[in-house]
Amino acid sequence: MTQQTNPPQLNNIRIVLVNTSHPGNIGAAARAMKNMGLSRLYLVEPKSYPSMDAVYRAVGAVDVLDNAVVVKDLNEAVSGCVWVAGTSARLRTIEWPILEPRECVQTSLEKIEQGDIAIVFGRENSGLTNDEMEKCNALLHIPTNPDFSSLNLAAAVQVVCYEYRLALMNIKITKKKGSKHRYDALAQSNQMDGMYDHLHDALDYLGFFGANNSDVVMHRLKGLFNRADVTQREVSIVRGICSAIQDKKRPR
Ligand code: SAH
């Protein structure tokens, strides 16, 4: 049976397009979203926008374009989100958990009552950078022909939005028993950033990085924290530890 209304949780899903080159793809993505009942489009530094090409391709979804939020970087687009997935046509050699669309939808819907979630789409020619992936809790890969794996950007948006609609129409969100975030609020993306900066400074103060490249160490630590459903209370504890380190006299 088809549902006549749009599940309200669709309003908590941000679709983020990073550095899109072709405005037609932005319009087509807006259309794909509206077809599935999503409306919150974020555009990180689009190459050519606003544009009539976007309007033409959006057809009846011009309202999604009109309400799109244009931001200067990915931090701003995912600020306040409790969970973020980065999408990729390639299975990268990074340690991030790789999810197929259905797994991604289930995992993220367990958290959606706590705040916004975001699905981030990369550039047409080069996808997402590793720095951008560091902002993501998981990598979402749509299984495709391995010899021709890259979907058109708006087609990828379509698949993901369809999966959210389908799941929310047949809602069976299985909250993990005893899951800690039934009680504690999950940390938001910007709070995680604040924690990473603090951790970096405290470890640097300790002389912990030594001859190691601090970016590499921080990348691994972000991978660890991104998998852990970190709560706001846990962020406070880590930051408290960092402050305690910084309050100590520097060792000779
Ligand atoms: N040459 C780029 C392809 C980019 S396609 C690369 O190798 O990464 C543009 C965007 O569409 C990607 O960044 C991703 O967001 C999305 N996309 C395309 N195919 C996808 C797939 N199979 N799974 C998940 N996302 C995909």
Side-chain angles (χ1 to χ4, degrees), residues 7-18 33 36-42 44 69 71 73-88 92 94-122 128-142 156-157 159-168 171-196 219 221-236 238:
Q9 295 93 332
L10 291 172
N11 294 326
N12 284 26
I13 304 171
R14 302 185 195 179
I15 297 293
V16 181
L17 307 184
V18 177
M33 289 170 63
M36 296 300 136
L38 285 83
S39 58
R40 300 190 53 204
L41 178 60
Y42 285 70
V44 179
V69 183
V71 293
D73 60 24
L74 183 56
N75 286 350
E76 218 181 304
V78 301
S79 180
C81 287
V82 294
W83 197 82
V84 181
T87 56
S88 178
R92 296 144 174 255
I94 59 166
E95 317 75 24
W96 269 232
I98 297 170
L99 304 178
E100 290 182 357
R102 267 166 219 186
E103 291 174 282
C104 172
V105 167
Q106 272 304 318
T107 305
S108 57
L109 290 183
E110 282 165 17
K111 315 189 194 295
I112 206 164
E113 282 165 34
Q114 295 232 5
D116 284 357
I117 57 169
I119 312 296
V120 183
F121 294 83
L128 293 169
T129 64
N130 283 341
D131 277 358
E132 288 159 352
M133 274 310 301
E134 281 184 353
K135 308 226 71 64
C136 301
N137 299 86
L139 187 154
L140 164 58
H141 173 72
I142 301 165
V157 171
V159 170
V160 171
C161 294
Y162 170 68
E163 288 294 337
Y164 274 104
R165 183 171 192 84
L166 198 64
L168 286 166
I171 195 150
K172 263 195 259 95
I173 301 168
T174 41
K175 269 201 190 152
K176 281 189 208 126
K177 266 210 182 126
S179 133
K180 62 183 171 184
H181 48 260
R182 279 192 306 162
Y183 308 105
D184 280 357
L186 286 172
Q188 299 176 352
S189 183
N190 42 313
Q191 296 167 331
M192 296 298 288
D193 283 341
M195 182 186 77
Y196 293 140
H219 176 76
L221 285 174
K222 288 176 188 180
L224 168 69
F225 284 114
N226 276 335
R227 291 196 303 272
D229 284 350
V230 178
T231 64
Q232 297 188 9
R233 216 180 285 188
E234 289 161 345
V235 164
S236 298
V238 173

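In this text the structure is predicted, and so the values were computed from the model without any measurement.
- At distances below 3.5 Å, at least one donor-acceptor pair connects side-chain atoms of Asn226 with backbone N or O atoms of Cys136.
- More than 12 heavy atoms of other residues, nucleotides or ligands lie within 6.0 Å of OH in Tyr196, so this atom counts as buried by the packing criterion.
- The nearest pair of heavy atoms linking Cys81 to Ile117 is SG-C, 4.2 Å.
- With Gln114 contributing its side chain and Leu186 its backbone, the two residues share a donor-acceptor pair below 3.5 Å.
- Under the 3.5 Å distance criterion, the side-chain polar atoms of Trp83 are left unmatched by any main-chain donor or acceptor of Lys111.
- The shortest heavy-atom contact between Thr87 and Gly122 is OG1-N, 4.3 Å.
- Taking CD of Gln106 as the start and CD of Glu100 as the end, the distance is 13.5 Å to the nearest 0.5 Å.
- Taking NZ of Lys135 as the reference point, atom CG of Leu128 lies at 12.5 Å (rounded to 0.5 Å).
- Between Leu10 and Met36, the closest side-chain pair of non-hydrogen atoms is not below 4.5 Å.
- Once rounded to the nearest 0.5 Å, the distance linking CD1 of Ile13 with CG of Leu109 reads 6.5 Å.
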Discussion item. With side-chain contact (heavy atoms from CB on, under 4.5 Å) as the criterion, how do Gln232 and Gln188 come out once you've worked through the C-alpha distance, each side chain's angles and the decisive distance to 0.1 Å?
Written reply: CA-CA 8 Å; Gln232 297 188 9; Gln188 299 176 352; 4.3 Å; yes
Item to complete: Starting from the C-alpha separation in whole Å, work towards a yes-or-no answer on side-chain contact (heavy atoms from CB on, under 4.5 Å) for Ile119 and Cys104.
Response: CA-CA 10 Å; Ile119 312 296; Cys104 172; 4.3 Å; yes
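- Without hydrogens or angle criteria, Asn137 side chain to Ala85 main chain gives no donor-acceptor distance under 3.5 Å.
- Remark: the backbone N or O of Ala77 is paired with a side-chain donor or acceptor of Arg14 at under 3.5 angstrom.
- Here the closest non-hydrogen pair linking Phe225 and Met192 is CB-CE, 3.9 Å.
- Taking all atoms of both residues into account, the shortest heavy-atom contact from Pro7 to Arg165 is CD-NH1, 4.1 Å.
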Practice prompt. Starting from the C-alpha separation in whole Å, work towards a yes-or-no answer on side-chain contact (heavy atoms from CB on, under 4.5 Å) for Glu132 and Val120.
Written response: CA-CA 9 Å; Glu132 288 159 352; Val120 183; over 6 Å; no
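- For the atom pair Leu168 CG and Asn12 CG, the distance stands at 10.0 Å (nearest 0.5 Å).
- Between His141 and Pro101, the closest heavy-atom pair is O-CD, 3.5 Å.
- For the pair Asp184 (side chain) and Thr231 (backbone), a donor-acceptor distance under 3.5 Å is absent.
- Taken from CZ in Arg102 to CD in Glu163, the straight-line distance is 4.0 Å, to the nearest 0.5 Å.
- In plain terms, the two heavy atoms of Gln191 and Val235 that are nearest each other are O-CG1, 4.1 Å.
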Discussion item. Could you walk me through whether Ser39 and Asn11 satisfy the side-chain contact (heavy atoms from CB on, under 4.5 Å) test, starting with their C-alpha distance in whole Å, then the side-chain angles of each, then the deciding distance to 0.1 Å, before giving a yes or no?
Written reply: CA-CA 7 Å; Ser39 58; Asn11 294 326; 4.0 Å; yes
